[in-house]
Amino acid sequence: MTVADRATAGFRQRYGAEPSGRWAAPGRVNLIGEHTDYNDGFVLPFALPLRTVVAAATAPDGHWTVWSELDDTPVEFGAEQADEPGRVDGWAAYVAGVVWALRAAGHDVPGARLAVASDVPVGSGLSSSAAIESAVLAALVDLGGLDLPRGRWPRLAQRAENDYVGAPTGIMDQSAVIRGREGHALFLDCRTEDVEQIPFDLDRAGLAVLVVDSRAPHRHADGEYAARRRSCEQAAATLGVTALRDVAVADLDAALARLDDDETRRRVRHVVTENQRVLDTVTLLRADRIRDVGPLLTASHASMRDDFEITVPEIDIAVEAALSAGAYGARMTGGGFGGCVLALVDADAADVVAAAVTDAYAERGYAAPGTLTVLPAGGVTRLR
């Protein structure tokens, strides 16, 4: 049964009726550009073929009820709970957050009954939260006939996560999930929100991206993420710039000399060099030199491991094993402290690289990783 069929079946079982429609939003993987988004920098994500699907219909009582196949207990809330961040918690907060953000923006949000099914693994760094936010947002916009241009959706979905759920994420995830295009990566300037669809036709080049879910437990991810963000913001203030995006690679040594401690210097060095790696990757992809981005991916991982200090042993082993098995490049993707690795591989060698990572895990007594081979997919959409 497909994920869309599961959402429909869940709606029928829970509500005893047919949904008015189904809306699907993908997970995302970030090709390169980690922890640059909240520093007003550059990122290059792409949407995955994995989908979260919301089957939905309006509810005449004006309340919102949501059911998920991951938690069979439905959650119901009204305007009072939706209008106060924190009143709805757990996974349903992502749904309530979208309702809150729409209402705060002045939209008359219809009550709705929703059923959620998903193939995007939770907690893996593939942006399951942005997927559910975006699918719910698309459903409510359509059900309510709301006047909300697609270009405004990412910022609104981000507000739901930042201000209702309380997760201090940048705008990359929502942008990739909403604006992704098949066969392309999304080059996003996180300051201006300008986007460019960069050709990333892996299939034509005989390549693929292998995604390895480390299944490592996230270790202090929320607190450490927030600490990295604070460190970057404090460094920018010390350097007298709006954000670390304003420090050019050519000026990096001089900027580092103005900082008082080595840890802050390492954090700044990662962000500044990572921004440049994104720009260099875009230049190569525009020239159709996909294989040549491999060393940039690997350099990105080394920077996250040594300067930003956000990797864990399972992640590092996956990168090392993938490279040893012939990957052109490999890096952790996502916020860190667990999650996923991506590796750029020949399509016909993906199974060999995946097996090498699995064997490396077994040798060290780690739980077996999950692996899948992906190509860039499209963004949020209404299904027929």
Close side-chain approach of V271 and F308, heavy atoms under 4.5 Å: yes
Test item: D346 side-chain N/O and A349 main-chain N/O as donor-acceptor pair under 3.5 Å: no
Ionic contact status for R277 with E274, cut-off 4.0 Å: yes
Side-chain donor or acceptor of R265 paired with backbone N/O of L256 under 3.5 Å: yes
hydrophobic_cluster_shared for V211 and F200, side chain cutoff 4.5 Å: yes
Name of the residue among T36, V43, V177 meeting side-chain contact (heavy atoms from CB on, under 4.5 Å) with M172: V43
Distance in Å, L188 CG paired with R179 CZ, rounded so as to fall on 0.5 Å steps: 8.0 Å
Flag, side chain of H35 to backbone of G335, donor-acceptor distance under 3.5 Å: yes
Check ion pair D251-R258 (N to O, under 4.0 angstrom): no
Least distance between heavy atoms, A321 atom then A360 atom: CB-CB, 3.8 Å
Smallest separation among heavy atoms of S118 and E69, with atom names: N-OE2, 2.9 Å
R51 side chain vs L48 backbone, donor-acceptor pair below 3.5 Å: yes
Contact check, side chains of P376 and L202, non-hydrogen atoms, under 4.5 Å: yes
Contact check, side chains of L143 and S20, non-hydrogen atoms, under 4.5 Å: yes
Single-linkage hydrophobic cluster Y38~V268, side-chain heavy atoms < 4.5 angstrom: yes
Working for side chain to side chain contact (heavy atoms under 4.5 Å, CB included), residues L148 and L102: CA-CA 9 Å; L148 186 64; L102 283 168; 3.7 Å; yes
Lys/Arg-Asp/Glu bridge criterion (N-O < 4.0 Å) met for R22, D5: yes
Main-chain N/O of M332 paired to H301 side chain as donor or acceptor, under 3.5 Å: yes
Residue pair R331, S300: steps toward the side chain to side chain donor-acceptor pair (under 3.5 Å) verdict: CA-CA 7 Å; R331 66 184 290 273; S300 171; 3.0 Å; yes
D83 and Y164, any side-chain heavy atoms less than 4.5 Å apart: no
T264 and D261 side chains, donor-acceptor separation under 3.5 Å: yes
E314 (side chain) donor-acceptor with Y361 (main chain) under 3.5 angstrom: no
ILVMFWY network linking L344 to L323, side-chain heavy atoms under 4.5 angstrom: no
Donor-acceptor contact below 3.5 Å, side chain T238 vs main chain Q234: yes
Distance-minimising heavy-atom pair for V247 and A255: CG1-CB, 3.9 Å
Closest non-hydrogen atom pair, N275 against G41: OD1-CA, 3.3 Å
Under 3.5 Å: donor-acceptor pair, side chain of N162, backbone of A167: yes
Hydrophobic cluster membership, L126 vs W91, 4.5 Å side-chain cutoff: no
Straight-line distance of L186 CG to L44 CG, nearest 0.5 Å: 8.0 Å
Result of checking V116, L114, V66 against I132 for side-chain contact (heavy atoms from CB on, under 4.5 Å): V116
Cluster check V54, V120: I/L/V/M/F/W/Y, side chain < 4.5 angstrom: no
Rounded distance [0.5 Å steps], CG in D37 versus CG in D189: 11.5 Å
Where R6 and D119 come nearest, the two heavy atoms and their spacing: NH2-OD1, 3.0 Å
4.5 Å side-chain heavy-atom contact, R150 and V380: yes
Polar side-chain atom of R14 near backbone of S68 as donor-acceptor pair, under 3.5 Å: no
D307: which of H270, R266, R269 passes side-chain hydrogen bond (donor to acceptor under 3.5 Å, both in side chains): R269
Basic-acidic side-chain contact under 4.0 Å: D316, R305: no
Atom of G33, atom of V278 and distance for their closest heavy-atom approach: CA-CG2, 3.4 Å
Side-chain heavy atoms of W153 within contact of V141, under 4.5 Å: yes
Close side-chain approach of L285 and I290, heavy atoms under 4.5 Å: yes
Distance in Å, I310 CD1 paired with D306 CG, rounded so as to fall on 0.5 Å steps: 11.5 Å
Distance in Å, I317 CD1 paired with S324 OG, rounded so as to fall on 0.5 Å steps: 9.5 Å
Under 3.5 Å: donor-acceptor pair, side chain of T358, backbone of A354: yes
Close side-chain approach of L239 and L259, heavy atoms under 4.5 Å: yes
Mutual orientation of the aromatic rings belonging to F77 and W64 [parallel < 30°, tilted 30-60°, perpendicular > 60°]: parallel
